[in-house]
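All remarks here apply to the structure that follows.
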Protein chains: 2
Amino acid sequence: MKKPSPTIRDVAAAAGVSVATVSKYINGAQRFSAPVEAKLKATIEKLGYRSNPLARSMITGQTRTIGLTILDISNPHFTSVVKGANRVALQHDYTLLLVDAEENQARERPLIEALAQRVDGLIVSSRMPDEALQWMLELNKPVVLLRRSQQLPIPSVGIDNQLATYMLAQHLLSQGHRRIAYLGFGQARINDERIRGASECLARSGLTLEVHDAYAPTAQAGERACSRVMLGQNRPEAVICYNDLIALGFMKEAAALGFRLPQDVSVTGIDNVPYGEYSAPSLTTVDIQSEKMGELAMRKLLDLLGGGSDSGYATFEPRLIVRESTARRG
Amino acid sequence: MKKPSPTIRDVAAAAGVSVATVSKYINGAQRFSAPVEAKLKATIEKLGYRSNPLARSMITGQTRTIGLTILDISNPHFTSVVKGANRVALQHDYTLLLVDAEENQARERPLIEALAQRVDGLIVSSRMPDEALQWMLELNKPVVLLRRSQQLPIPSVGIDNQLATYMLAQHLLSQGHRRIAYLGFGQARINDERIRGASECLARSGLTLEVHDAYAPTAQAGERACSRVMLGQNRPEAVICYNDLIALGFMKEAAALGFRLPQDVSVTGIDNVPYGEYSAPSLTTVDIQSEKMGELAMRKLLDLLGGGSDSGYATFEPRLIVRESTARRG
DNA sequence: GTGAAAGCGCTAACAT
DNA sequence: ATGTTAGCGCTTTCAC
């Protein structure tokens, strides 16, 4: 059943050359005399020899694998990140070692530490505070963070969160809305930035942002939070949600509660997930180029691996996508 | 910068024992005298020693890694599969080596062959015909297929596709529809089964299924196909789509073309992706338990790795989910 | 309970 | 252009 695979030594013996020659041949390290090359090619073919990547890695210290840890693959934002990262990795003959931490903070660190030993570099999305990320520097492996790291010298990619919500607030103000609420996700590191952006924009018009929390970055959480926001005191005319999933859930529940969308309440998300286009009403959101983020993160990492130097924090420009979930007041 | 990690020899030397003892200690292979155990624990801690998984793998022949190749991570069905597989893998201390082949058939085989060398086993989703899957048997690694394999002795998990579309057709018939179309994806291996299920159901009422093709399993493809289906001759009263994404796109475009949904046309998908709940109208579909599929595939594979024997083809029961995209005729 | 020694399959000097 | 040799970091007999 389990016939042992031929080793480089088997090939060498069968072809009547040394193992070094075989090694050089499969690595295309040099040119060979015609007879040797032909013989080698034939024997490798005949034996069905495939070089053992583990043994090679042990010597070269390269695994041609990149570790990618994300918070939740079900979130279309992360799905896109993975997609982008995978594409670039494949182009450069790297493979992804994926870990979905399932929003479980406790697991993250051990998981990443174990992962670090099996890869050439890591792309990490984490909810841990910057201070708790110190240990990543001791991984001895290049890391690219999927969010801005303020204090740590770790290259990272992200978007300008403050600008994103500023844009949304501006858009809603221009539609005549005054009572604007934010339905956030306090656990996210970037939640504060998003609050700040919207708050600042409203402040310029002498208005205040009413802040709520959804406790999870999911559609279910958005549904659950809806009645609390819409049927509490001081009902908002417009709601900026932490992300598209929360917004989608919020809209569904709002409709179920009898509100007309967007007449009774305007709703926005952030991320521009593909399904915002197909919701009822279609979702006004901010595109953050998730897939490009994945691509860039991978490119930065490969650059680091190739001896490039830390390229710092890269940021994508957020772009407002206006659809049907926001409308003029009244 | 790049201080070399301590090896097992460093630990042995520092602790004044042999490498064999250290090896046994980290593998918890036996009991030790108190002083040795204490010394070892202290030294490992002090040196920050971590066993090198590559070196270990080379000897044991186990990588504790499972290769997972899918057709497109952007498709929520596959996202869920990955989610489920990842969860079970993590529970058993395995990690996923993920490859998104991006619906590119040509890449698949070399990608999988390369992957096979770096993992203990594989879970594969492929569009290649069964006959072209022969080589997988020569991988010398256990494989679980994410669809039924009729001819090959490869364990697999999937759903009863014929039943799924039979159910949908039955549902539409019971609503009084007579002109029913199928908007499929001919490249998929399972497309024929789905056609057969619906056809058979209609045949019992003396009706014929009109078959169209969307040429891709995506929402965009669904949009593109819509006018062809709806504005050609013999306009259907109901459309069964190959999957939810196509259905979502189809519905959006149908609305854009001026059709009222579901009054003018009933639409169904298959997969029960999370976003079918948030579309307008919400999508009638068939739940195929994508996440459970991923979990089961992984469980089967781990079972195989643990010496279990080929458990054949496992199938999930499809379940009809009726929402608002289908309604009585008229 | 602990250690010495023989590799796992391969690459990387360094010969020739 | 090809061969010899010395390991990479670890596990695994098999002694003691």
Side-chain angles (χ1 to χ4, degrees), chain A residues 2-44 47-65 114 116-120 140-141, chain B residues 2-44 47-65 114 116-120 140-141:
Chain A
K2 231 176 125 186
K3 56 189 159 198
S5 301
T7 79
I8 199 173
R9 252 181 284 268
D10 298 330
V11 176
V17 298
S18 76
V19 291
T21 304
V22 181
S23 173
K24 284 163 190 153
Y25 176 77
I26 51 180
N27 291 318
Q30 25 165 100
R31 296 181 56 84
F32 298 87
S33 64
V36 171
E37 173 147 10
K39 189 87 181 109
L40 241 24
K41 185 167 180 174
T43 1
I44 287 176
L47 264 44
Y49 169 75
R50 323 230 57 187
S51 141
N52 178 333
L54 251 59
R56 181 214 292 280
S57 291
M58 224 176 60
I59 293 173
T60 62
Q62 299 230 319
T63 61
R64 296 211 80 82
T65 301
Q117 299 195 85
R118 330 188 73 250
V119 301
D120 293 345
N140 268 327
K141 292 281 166 75
Chain B
K2 231 176 125 184
K3 55 188 158 197
S5 302
T7 79
I8 198 173
R9 251 181 285 270
D10 298 330
V11 176
V17 298
S18 76
V19 292
T21 303
V22 181
S23 173
K24 283 161 191 155
Y25 176 77
I26 51 181
N27 290 318
Q30 27 165 100
R31 296 183 57 84
F32 298 88
S33 63
V36 170
E37 174 147 9
K39 188 88 182 111
L40 242 25
K41 185 167 181 173
T43 338
I44 288 176
L47 264 45
Y49 170 75
R50 323 231 57 187
S51 144
N52 178 332
L54 250 59
R56 187 221 285 303
S57 291
M58 219 173 63
I59 293 174
T60 62
Q62 299 230 315
T63 61
R64 296 211 80 81
T65 300
Q117 301 194 86
R118 329 190 70 251
V119 301
D120 294 343
N140 268 327
K141 292 281 165 75

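Lettering of chains follows the sequences in order, A, B, ..., and the numbering in each one begins at 1. Values reported hereafter were calculated over all heavy atoms of this structure, with side chains retained and with hydrogens, waters and symmetry mates removed. This is a predicted model, so every value here is computed, not measured.
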Phosphate contact ([N] OP1 or OP2) by [X] side-chain N/O below 4.0 Å:
| X | N | answer |
| --- | --- | --- |
| B:Asn52 | D:dC8 | no |
| A:Thr21 | D:dT2 | no |
| A:Ser18 | D:dT4 | no |
| A:Tyr49 | C:dC10 | yes |
| A:Ser33 | D:dT2 | yes |
| A:Arg56 | C:dC10 | no |

Name the closest nucleotide to the [X] side chain, picking from [options].
| X | options | answer |
| --- | --- | --- |
| A:Ala20 | D:dT2, C:dA13, D:dT11 | C:dA13 |
| A:Arg9 | D:dG9, C:dT2, C:dC8 | C:dC8 |
| B:Thr60 | C:dT11, C:dA12, D:dT12 | D:dT12 |
| A:Met58 | D:dC10, C:dG9, C:dT11 | C:dG9 |
| B:Lys24 | D:dA1, D:dT13, C:dC10 | D:dT13 |

May I have the distance from [X] (atom [atom1]) to [N] (atom [atom2]), rounded to whole angstrom?
| X | N | atom1 | atom2 | result |
| --- | --- | --- | --- | --- |
| B:Ile8 | C:dT2 | CD1 | C1' | 14 Å |
| B:Gln30 | D:dT12 | CD | P | 12 Å |
| A:Gln62 | C:dC10 | CD | C1' | 15 Å |
| A:Asp10 | C:dC10 | CG | C1' | 13 Å |
| B:Leu54 | C:dC10 | CG | P | 14 Å |
| B:Lys39 | C:dG3 | NZ | C1' | 18 Å |
| A:Leu40 | D:dG3 | CG | C1' | 13 Å |
| A:Asn27 | D:dA1 | CG | P | 16 Å |

Considering heavy-atom distances to DNA chain D, does B:Ile26 or A:Pro35 have its closest nucleotide positioned more toward the 5' end?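 Its nearest nucleotide lies further toward 5', so the answer is A:Pro35.
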Sugar-phosphate, base or nothing in reach of B:Ser57, heavy atoms under 4.0 Å: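 Result for B:Ser57 = nothing.
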Could you pull out the closest heavy-atom pair between A:Ser18 and A:Ala12, with the gap in Å?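 What the structure gives for the nearest pair is C-CB, 3.7 Å.
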Which atom names give the shortest non-hydrogen contact between B:Lys39 and B:Ala15, and what distance separates them?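 Nearest pair, atom of B:Lys39 first, then B:Ala15: CG-O, 3.6 Å.
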For the atom pair [atom1] ([X]) and [atom2] ([Y]), what is the distance rounded to the nearest 0.5 Å?
| X | Y | atom1 | atom2 | answer |
| --- | --- | --- | --- | --- |
| B:Ser57 | B:Asp120 | OG | CG | 7.5 Å |
| A:Gln117 | B:Arg50 | CD | CZ | 5.5 Å |
| B:Ile44 | B:Ile26 | CD1 | CD1 | 6.5 Å |

Less than 4.5 Å apart, any side-chain heavy atom of A:Tyr25 and any of A:Val11?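 No, side chains not in contact.
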Whichever of B:Val19 and B:Ile59 has its nearest DNA chain C nucleotide further upstream toward 5':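 Mapping each residue to its closest nucleotide by heavy atoms, the 5'-most match is B:Val19.
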